[in-house]
Amino acid sequence: MTKALSAIRSVKGTRDLLPSETPLWQRVEEEARRVFDAYNFREIRTPVLERTDLFARSVGADTDIVTKEMYTFQDRDEESLTLRPEATASVVRAYIEHRLFNEGGVHKLYYLGPMFRRERPQKGRYRQFYQIGAEVLGSDHPTIDAEVLEMLTFLLARLGLREFSLLINSVGCGKCRPTYVEVLREALQGVKSQLCADCQRRAETNPLRVLDCKVEADQAQIARLPRIVDYLCADCRKHFDGVEAELAQRGVAYEINPRLVRGLDYYTRTTFEITSSGLGAQNALLGGGRYDGLSEMLGGPSSPGFGFAIGQDRLMLAVEHAGNLKGENSIAAYVAWLGDGAFRPAAELARGLRQQGWRVEIGYEPVKLSKSLSVANKLHARYAIIIGEGELASGRYQIKDMGTGRQEEVEPARVPAYLKEKLGTGPV
RNA sequence: GUGAGCGUAGCUCAGCUGGUAGAGCUCCAGACUGUGGAUCUGGAUGUCGCGGGUUCGAAUCCCGUCGCUCACCCCA
């Protein structure tokens with residue numbers, strides 16, 4: 001690594017997920033797919049690259065994401081393209097572009113993949129980060145909100161996570177939110193001088209953000225500010241009550257947090273977030289909400305939607321912290337052969353096992369048996385299959401259980417059946 | 001974009017108020033020429049992030065620079 005030419009390194013905020021960690025990522029992704037599938041969500045894959053305008057119009061031209069965090073460039077034909085900072089806009093774009101709404105009913109879609117935001121990296125935050133998300137398009141019924149939240153808590157439970165809290169709120173709609181913002185702005189004028197410098201600034205630029213302040217000294221004042229849930233219009237009120245009732249029916253534990261404000265412009269009514277401990281300052285594991293006006297903002301028909309995005313990088317931190325789920329890093333068998341005559345039969349055995357789906361490794365060079373077993377041990381092999389002159393002569397291979405150290409003799413043809421019996425139905 | 005901390009072996013780090021590098025782990029080999037994980041013995045690897053300055057002498061002090069980390073902002 002230390003040569004005259006400095007080695008090229010990965011781009012700031014991006015990282016390599018090495019084989020030591022990908023098994024756990026795969027486990028988490030499998031679990032998510034399984035749960036989404038059970039709730040009848042179908043996968044959608046959209047491009048990583050989109051027209052810049054898509055995000056300006058959906059996420060909001062004045063948001064931090066659009067004003068300073070996007071990876072945007074001019075394509076050769078001078079079109080402005082952007083590496084997606086999130087996927088909801090893309091999913092809705094695809095929904096409109098392919099006229100999925102004409103099929104009637106509700107569309108339940110999920111996705112997973114990398115997103116890009118040019119922020120300063122820190123714990124749980126990267127410039128290329130991964131999201132697992134889902135969207136329900138075509139209905140504004142509160143049951144949808146509740147069902148998705150139920151699904152999320154189920155998924156987290158499946159991942160062995162216990163310490164998390166579901167926070168929900170309603171941010172109203174285009175009718176009632178402006179009224180609230182005015183009320184809030186006025187209330188802030190009265191107490192502004194007692195708040196932190198950041199909040200004094202936010203009181204002018206983005207009053208809703210004050211609610212999200214984490215400065216301890218400000219909390220007392222913030223707690224006394226007007227709450228948006230008290231200013232909802234009749235329709236929004238009814239919707240929020242419906243969500244609450246459904247959550248209660250389903251036994252989903254939640255907490256109303258009137259200060260939960262999401263940063264993307266397209267949210268309406270229900271917003272939510274699940275936080276977890278052990279994630280550093282970025283304690284939001286996932287977030288989402290309703291976006292009933294997004295389709296129209298993107299030039300589609302009026303079509304309500306509800307969705308969420310899980311920060312997979314943060315989810316992985318939480319899963320590791322909980323320690324209840326682990327990735328598979330063992331192999332079923334290591335074929336240890338010794339003596340030139342043993343290689344051919346050993347390779348044949350390995351080929352047979354592999355083609356039946358067993359994860360198998362075999363040494364490529366003649367080495368001492370102790371070395372082979374040492375390698376088998378390092379690879380976390382469940383069994384070592386020993387093939388040498390004696391075994392070839394007797395027609396029975398030694399199969400050593402690497403956990404107990406016990407050995408049995410097994411005829412070559414019976415090895416697959418032996419592994420199946422010992423390791424269960426499926427290949428490792 | 002702002003702030004703070006840190007950059008010494010593959011990894012985790014030690015190296016006091018300057019005298020030109022060490023430990024543990026890992027790795028390799030052997031003890032044990034057909035039996036791993038334990039133990040013991042031996043061995044390998046560093047432009048001490050980079051550049052400059054102070055000094056007889058710098059890993060150590062100073063300046064700059066790059067990188068990483070954490071936090072702010074904001075979000076997943």
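Below, chain A is the first sequence line, B the second, and so on; all start at residue 1.
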inquiry  = Looking at A:Q282 and B:rA71, is any side-chain donor or acceptor paired with a base atom of the opposite kind under 3.5 Å?
reply    = no
Q. Sub-3.5 Å donor-acceptor pair from the side chain of A:Y418 to the main-chain atoms of A:E409, do we have one?
A. no
Quiz item: Would you say the base of B:rC68 and the side-chain of A:R15 have a donor-acceptor pair closer than 3.5 Å?
Solution: no
Specify whether A:F154 and A:Y39 have parallel, tilted or perpendicular ring planes, treating 30° as the upper limit for parallel and 60° as the lower limit for perpendicular.
tilted
Using a 4.0 Å heavy-atom cut-off across all strands, classify A:G339 as base, sugar-phosphate, or nothing.
nothing
Quick one: do A:E361 and A:R354 make a salt bridge, cutoff under 4.0 Å?
-> yes
Under a 3.5 Å limit on both distances, the Watson-Crick or wobble mate of B:rC27 is B:rG43
B:rG5 and B:rU39, which share atom name P, separated by this distance in whole Å: 41 Å
Checking only heavy atoms, does the side chain of A:N377 share a donor-acceptor pair with the base of B:rG36 at less than 3.5 Å? yes
Which part of the nucleic acid, if any, lies within reach of A:L285 when heavy atoms closer than 4.0 Å are counted: base, sugar-phosphate only, or nothing?
-> sugar-phosphate
By nearest-heavy-atom nucleotide on RNA chain B, the more 5' of A:G403 and A:R118 is A:R118
Checklist entry - How would you label the contact of A:A376 with the nucleic acid (heavy atoms, under 4.0 Å): base, sugar-phosphate, or nothing? => result nothing
Mind checking the P distance from B:rG36 to B:rU45? Whole angstroms is fine. 29 Å
- Query: Can a salt bridge be assigned to the pair A:K422 and A:E408 using a cut-off of 4.0 Å between side-chain N and carboxylate O?
  - Reply: yes
Anything under 3.5 Å between a protein N or O and an N or O of nucleotides 65-67 of chain B, put it in a table, one pair a line.
{"residue": "B:rG67", "atom": "O3'", "partner": "A:R9", "partner atom": "NH2", "Å": "3.3"}
{"residue": "B:rG67", "atom": "O2'", "partner": "A:R9", "partner atom": "NH2", "Å": "2.8"}

- Query: Hey, is A:R33 close enough to A:E29 for a salt bridge, meaning N to O under 4.0 Å?
  - Reply: no
Give me the distance, rounded to whole Å, that separates B:rG24 from B:rG42 when you measure between the P atoms they each carry.
11 Å
Item checked: Close side-chain approach of A:L184 and A:I228, heavy atoms under 4.5 Å -> no
Polar atoms only, N or O, under 3.5 Å: list the protein pairs with nucleotides 32-34 of chain B and their distances.
{"residue": "B:rG34", "atom": "O6", "partner": "A:E389", "partner atom": "N", "Å": "3.2"}
{"residue": "B:rG34", "atom": "O6", "partner": "A:G390", "partner atom": "N", "Å": "2.7"}
{"residue": "B:rG34", "atom": "N1", "partner": "A:E391", "partner atom": "OE1", "Å": "2.8"}
{"residue": "B:rG34", "atom": "N1", "partner": "A:E391", "partner atom": "OE2", "Å": "3.2"}
{"residue": "B:rG34", "atom": "N2", "partner": "A:E391", "partner atom": "OE1", "Å": "3.4"}
{"residue": "B:rG34", "atom": "N2", "partner": "A:E391", "partner atom": "OE2", "Å": "2.5"}

**Study point:** C1' spacing across the pair B:rG7 / B:rG46, given as an integer number of angstrom
**Key:** 14 Å
- prompt: Should A:K108 and A:E147 count as an ion pair when the cut-off is N to O under 4.0 Å?
  reply: yes
query = Less than 4.5 Å apart, any side-chain heavy atom of A:L83 and any of A:V48?
reply = yes
Between A:D145 and A:R290, does at least one N-O distance fall below 4.0 Å, as a salt bridge requires? yes
Side-chain atoms of A:S374 come closest, of B:rA76, B:rG36, B:rC70, to B:rG36
Worksheet item: Given the C1' atoms of B:rA58 and B:rU17, what is the spacing between them in whole Å?
Response: 14 Å
A:R120 (side chain) and B:rC72 (base): donor-acceptor pair under 3.5 Å: no
Determine the Euclidean distance between corresponding C1' atoms of B:rC6 and B:rA76; express it in Å to zero decimal places. 27 Å
Check your understanding: Is a donor on one side and an acceptor on the other found under 3.5 Å between the side chain of A:H239 and the backbone of A:T270?
Key -> no
query = When you check the gap from the basic side-chain N to the acidic O, do A:R57 and A:D53 get nearer than 4.0 Å?
reply = yes
Check: ring pair (Phe, Tyr, Trp, His ring centres under 6.0 Å) between A:F36 and A:Y110: does it pass, once the steps are laid out?
Finding: CA-CA 7 Å; A:F36 293 159; A:Y110 78 86; 4.9 Å; yes
Query - Distance between C1' atoms of B:rA4 and B:rU8 (Å, rounded) - result: 22 Å
Taking B:rC28, B:rA76, B:rA71 as options, the one with an atom nearest any side-chain atom of A:K123 is B:rA71
side-chain contact (heavy atoms from CB on, under 4.5 Å) with A:L156: of A:L166, A:I310, A:L161, only one passes, and it is A:L161
- Classify the side chain of A:Q122 and the base of B:rC73 as holding, or not holding, a donor-acceptor pair under 3.5 Å. yes
Here the residues of residues 16-40 of chain A within 4.0 Å heavy-atom distance, strictly under, of RNA chain B are none
Assign each of A:M402 and A:A281 the nucleotide of RNA chain B bearing its closest heavy atom; nearer the 5' end lies the nucleotide of A:M402
With the side chain defined as heavy atoms from C-beta on, A:Q131 is closest, among B:rC74, B:rA76, B:rA29, to B:rA76
Pick the P atom in B:rG18 and in B:rC28, then give their distance to the nearest Å. 42 Å
